[in-house]
Amino acid sequence: MNPVTSTASGPAARGAAPVPGFAVIPGAQVQKALQGREQEITELVEATYRLHGAGQTVNPPSYFLRFPDRPSSRIIALPASVGGSVGVDGLKWISSFPDNVAAGLPRASAVLVLNDRDTGYPLACLESSIISATRTAASAALAADRLTRTRQRPTRVGFFGTGLIARYIHTFLTGTGWSFDEVGVYDVSADSAAGFCGYLRQSGADGQGGADGRSGAHGRGGGGITVHDSPEELIRSSDLVVFATVAGRPHVSDPALFDHAPVVLHVSLRDLAPEILLASANFVDDVEHCLKADTSPHLAERLTGGRDFLDGTLDDVLTGRVDPPADRTVVFSPFGLGVLDLAVGKYVYDAVARAGDLRVIDDFFHELRRYG
Ligand SMILES: NC(=O)c1ccc[n+]([C@@H]2O[C@H](COP(=O)([O-])OP(=O)(O)OC[C@H]3O[C@@H](n4cnc5c(N)ncnc54)[C@H](O)[C@@H]3O)[C@@H](O)[C@H]2O)c1
């Protein structure tokens, strides 16, 4: 229900439906609602994957808007509807402009529109780069947990690509109970690697205790930090490998690098040559979504002409239908589902509404009488 509706007054409005309210939720409010709630949000993301697996969502293909004159940029529309306990419809509209980073702006920017279930009226517009990074990191932390339950829990994590998403994933891993003896870092940009190491030290991942006063060893996951000179070194020295680059096509192609059978969170989707996937066990968030847009699983499908290389979805693992192998490389390639953005966005909306802090735009919907 929309808590900011009011009823139109005056004779012409007699018997009329409530006038829908419309709120704008800026990034500071979004961050306040989500910060420090890694465990709760990861559970919400798990519940949403389960609703999706049980057919209680609508999640059409994402629509990619691309520009012939700016080939590295894109804006993606993710419409979705979540039923069950979440109950919300809406749309995420997210831009990726990689050149922003050199200009000092984050690559991605986004808004999320939530729609009222009863009237269809948009009820809020939320800053959504934080929501998107949060749901991506919660999904990665959930997958890391569930895909390693059949093996010894990794203690050496490696971040391949160290931008904002890598930072959120590290925060979610440590916020959901992971601690690491070693954190490996590799990025083609020395500045990015240095910035990420600064974040790691501040969060206590170097074992020195972070700026937030939490002990590195207990709260923030901490052993040593190593910046690697080569991709090979990073992969070989990590049992949990996180890919969060902006690579548009595979740049890691030697299956032998994975001989130690790590678990790989392939969040950036296009880093691994199909041969590596074919030598691994593969899990995705949604098969139809993930086998599109030249992702590595899509390339593997093209190469083999089929989908036999897929072992299942994360929901198959959550519900116990499939057990991930303990002795093979496991690759999780999440396309990123709009239903997750909606679930996290609704969580934020409800928290801000409960606190009485919704910034409602008066008279946003103005033409409400059919004949004037
Ligand atoms: N699957 C999902 O649900 C999902 C959701 C959100 C973001 N993403 C993806 O996560 C990725 C990272 O996003 P971000 O916001 O952190 O971007 P970012 O620009 O902040 O960081 C990307 C980093 O990758 C580095 N990089 C680029 N190519 C590299 C390579 N070949 N080897 C090593 N490092 C390389 C860059 O130098 C940069 O530091 C993007 O590809 C984005 O599309 C996926």
Side-chain angles (χ1 to χ4, degrees), residues 45 48-49 52 59 62 64 72-76 78 80 92 94-110 112 128-143 158-172 184-199 227-235 238 241-253 257 264-273 283-286 289-290 292-298 314 331-341 344:
V45 162
T48 308
Y49 274 133
H52 186 62
N59 203 131
S62 303
F64 283 65
S72 69
S73 301
R74 62 176 190 231
I75 312 181
I76 312 178
L78 294 86
K92 175 166 80 163
I94 183 160
S95 313
S96 172
F97 280 55
D99 293 346
N100 282 358
V101 173
L105 264 183
R107 175 191 61 83
S109 58
L112 178 72
S128 199
S129 67
I130 296 170
I131 289 169
S132 182
T134 296
R135 65 80 150 140
T136 303
S139 154
L142 176 67
F159 288 90
F160 199 127
T162 54
L164 186 136
I165 293 294
R167 166 162 72 85
Y168 267 74
I169 292 175
H170 180 268
T171 301
F172 263 79
V185 172
Y186 174 75
D187 199 293
V188 286
S189 152
D191 281 353
S192 293
F196 188 65
C197 288
Y199 149 77
V227 179
H228 294 282
D229 293 330
S230 72
E232 293 77 18
E233 228 178 76
L234 177 96
I235 294 168
S238 307
V241 188
V242 180
F243 280 91
T245 74
V246 286
R249 63 184 66 87
H251 52 98
V252 176
S253 53
L257 293 176
V264 179
L265 305 176
H266 188 207
V267 175
S268 37
L269 291 166
R270 295 174 184 87
D271 303 275
L272 301 175
F283 294 89
V284 295
D285 51 358
D286 180 292
H289 281 250
C290 202
K292 278 203 172 84
D294 296 333
T295 62
S296 298
H298 191 196
L314 185 56
V331 179
F332 176 54
S333 301
F335 196 74
L337 301 178
V339 291
L340 300 185
D341 296 284
V344 175

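One-based numbering, in listed order, for ligands and for the atoms of each. We use all heavy atoms of the structure for the numbers below, so side chains are in, but hydrogens, waters and symmetry mates are not. Predicted model only: the values in this text are computed from it and were never measured.
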*Positive for ring pair (Phe, Tyr, Trp, His ring centres under 6.0 Å) with Y186, one of F243, F160, F196*: F160

*With distance as the sole test, does T171 use its side chain to make a donor-acceptor pair with the main-chain N or O of R167 at under 3.5 Å?*
yes

*Separation between CD1 of I165 and OG1 of T245, rounded to the nearest 0.5 Å*: 11.5 Å

*asked:* Run the side-chain contact (heavy atoms from CB on, under 4.5 Å) test against S253 and tell me which residues pass, sequence neighbours left out.
replied: A273

*asked:* Is a donor from one side chain sitting under 3.5 angstrom from an acceptor on the other, for H52 and N59?
replied: no

*R107 side chain to L164 main-chain N or O, any donor-acceptor pair under 3.5 Å?*
no

Check ligand 1 for close polar pairs with the protein: N or O on both sides, less than 3.5 Å.
from: ligand 1; atom 1: 1 (N); to: V267; atom 2: O; distance (Å): 3.0
from: ligand 1; atom 1: 1 (N); to: P334; atom 2: O; distance (Å): 2.7
from: ligand 1; atom 1: 3 (O); to: R135; atom 2: NH1; distance (Å): 3.0
from: ligand 1; atom 1: 13 (O); to: R107; atom 2: NE; distance (Å): 3.4
from: ligand 1; atom 1: 13 (O); to: R107; atom 2: NH2; distance (Å): 3.2
from: ligand 1; atom 1: 15 (O); to: R107; atom 2: NE; distance (Å): 3.1
from: ligand 1; atom 1: 15 (O); to: R107; atom 2: NH2; distance (Å): 3.0
from: ligand 1; atom 1: 16 (O); to: L164; atom 2: N; distance (Å): 3.1
from: ligand 1; atom 1: 16 (O); to: I165; atom 2: N; distance (Å): 2.9
from: ligand 1; atom 1: 17 (O); to: R107; atom 2: NE; distance (Å): 3.1
from: ligand 1; atom 1: 20 (O); to: L164; atom 2: N; distance (Å): 3.3
from: ligand 1; atom 1: 34 (N); to: V188; atom 2: N; distance (Å): 3.4
from: ligand 1; atom 1: 37 (O); to: D187; atom 2: OD1; distance (Å): 2.6
from: ligand 1; atom 1: 39 (O); to: D187; atom 2: OD1; distance (Å): 3.4
from: ligand 1; atom 1: 39 (O); to: D187; atom 2: OD2; distance (Å): 2.7
from: ligand 1; atom 1: 39 (O); to: S192; atom 2: OG; distance (Å): 2.8
from: ligand 1; atom 1: 41 (O); to: T245; atom 2: O; distance (Å): 2.6
from: ligand 1; atom 1: 43 (O); to: R74; atom 2: NH2; distance (Å): 3.3

